[in-house]
2 protein chains.
Amino acid sequence: MSAGGTTLERRVLDAAKTCCEKWGVAKVTIDDIANESGVSRASLYRLFPGGKDVLFEALRLQELEDFFTRLSAHVEGADGLEDLLVCAVVAATAELRADRHLALMLASEPGETLGHLTVDGLPRIMRVATVFLAPFVDPYLPRRESAALVELLSRLVISYFLAPSQHVDLGDPESARTFIVTHILPAFDAALIRS
Amino acid sequence: MSAGGTTLERRVLDAAKTCCEKWGVAKVTIDDIANESGVSRASLYRLFPGGKDVLFEALRLQELEDFFTRLSAHVEGADGLEDLLVCAVVAATAELRADRHLALMLASEPGETLGHLTVDGLPRIMRVATVFLAPFVDPYLPRRESAALVELLSRLVISYFLAPSQHVDLGDPESARTFIVTHILPAFDAALIRS
DNA sequence: GACGCTGAGACTGTTTGTGTCTTATTGTCT
DNA sequence: AGACAATAAGACACAAACAGTCTCAGCGTC
């Protein structure tokens, strides 16, 4: 995590994202990214030794961090654990749904994309989610518990996003609140830090 | 014009359209279309001898006819020449703007797309527009005049779509009506068939 | 059983893309 | 001015993808 990244690196990754939005990951070439970013192919390989794979890996990482940065901002003002969780879950779901990039990727190459969202990517998603969101939960729960809670909810958000349920809609504040109050919070009640 | 087209042909063209929506014309291959349509490459070349170019040409033609078919439906109920024109212009503009396919094409390969929309394609667009829309105008104007009117408005719709004006918004019924009443109709007033 | 239509896939030449490398060019610091 | 680092430009070899053609086998119809 961290590392602001050179201006150049950012420029390249942004260009890569733009290209993906236009054509879908599968169809983007190094040349496309070089043209879009105005960075020469040579520099591009210097920046990401290993080429395409490394570059896209870096892009996924950046996207992931950006995602949670935006999410953190959303969650900033929440008051109380329940509100905090509802807000986070709703915002995350909404953003996943609104992400045209992601939608296009899922539409064009479900296999790859699903892989990055599940088997390959989940551990990392969990890690980043914990780093970003646990601090918000920490005031209410002991460290271990808050990490566990963040992980649990992250998994559920992704699951409900990929396979929507008829009963629960985590994009809807009402539904999300009901779900969290009845199915999540009770399990953590014992550990609650009452201040 | 005309020719319903084999089921197979339709299937292929629809698949081609889907592919274009996913990846943009520039990135679509014959194999993509074959896979998407479930039609073998062999049949594909049999159907469109000449390959890619011929296929995309056919696709543009179909899109064009579909466009005007939808537009005709929109215009069906209009009462009086003024309403007819306003309705047609607004619907056409709205549809152009809403067309994700077209938007993506313009975003990814403006050169090509613009070519098909202007220098190469305009004459054909005019022709098809006239065939489809002139009948609606015929009750109000002599044949020559109605054709001229349709052509004039078609050109203007495309022009305002490609290069929006600050003063006129042909997607807005109010604005379109004002524009038509003050800048178009007067020129045809003399030819009006009053019934 | 001949006929027409389709899918599967082999095949060739061409194009496009990748990754590496060398050679200018540019701007900065001393 | 001259040395230095960073970048662009683009040549190059190799690999992959693509276009277009062709053959053949399967299948339903007459």
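Note that these values count all heavy atoms, side chains included, but never hydrogens, waters or copies made by symmetry. Every chain is numbered from 1, with letters handed out A, B, ... down the list of sequences.
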Visitor: Would you say dA8(D) has OP1 or OP2 under 4.0 Å from some side-chain N or O of Ser40(A)?
Guide: yes
Visitor: Choose from dG20(D), dC22(D), dG19(C) the nucleotide whose nearest atom is closest to any side-chain atom of Lys52(A).
Guide: dG19(C)
Visitor: Which of these passes salt bridge (Lys or Arg N to Asp or Glu O under 4.0 Å) with Glu63(B): Lys17(B), Arg124(B), Arg70(B)?
Guide: Lys17(B)
Visitor: What is the distance, to the nearest angstrom, from the CG atom on Leu8(B) to the P atom on dG28(D)?
Guide: 16 Å
Visitor: Measure the distance from OH on Tyr45(A) to C1' on dA8(D) and round it to the nearest whole Å.
Guide: 16 Å
Visitor: When you check the side-chain N and O atoms of Thr29(A) and Asp32(A), is any donor under 3.5 Å from an acceptor?
Guide: yes
Visitor: Please report the distance, rounded to the nearest Å, between CZ in Arg46(A) and C1' in dA5(D).
Guide: 10 Å
Visitor: To the nearest Å, how far apart are Lys27(B) NZ and dG17(C) C1'?
Guide: 10 Å
Visitor: Select one nucleotide: of dT18(C), dG7(C), dT7(D), the one nearest the side-chain heavy atoms of Asp31(A).
Guide: dT18(C)
Visitor: So, under a plain 3.5 Å distance rule, would you say the side chain of Arg41(B) forms a donor-acceptor pair with the base of dG20(D)?
Guide: yes
Visitor: May I have the distance from Ile30(B) (atom CD1) to dA17(D) (atom P), rounded to whole angstrom?
Guide: 17 Å
Visitor: Among dA8(D), dT20(C), dG7(C), find the nucleotide with the atom closest to the side chain of Ala42(B).
Guide: dG7(C)
Visitor: Starting at atom CG of Asn35(A), determine the distance to atom P of dG10(D), rounded to an integer number of angstrom.
Guide: 12 Å
Visitor: So if you build clusters from Ile, Leu, Val, Met, Phe, Trp, Tyr with side-chain heavy-atom gaps below 4.5 Å, do Leu84(B) and Val181(B) land together?
Guide: no
Visitor: Starting from P on dG20(D), measure out to CG on Leu55(B) and report it in whole angstrom.
Guide: 10 Å
Visitor: Could you state the atom-to-atom distance from CG of Leu44(A) to P of dA6(D) in whole Å?
Guide: 17 Å
Visitor: Pairing donors with acceptors under 3.5 angstrom, does anything connect the side chains of Ser40(B) and Ser43(B)?
Guide: yes
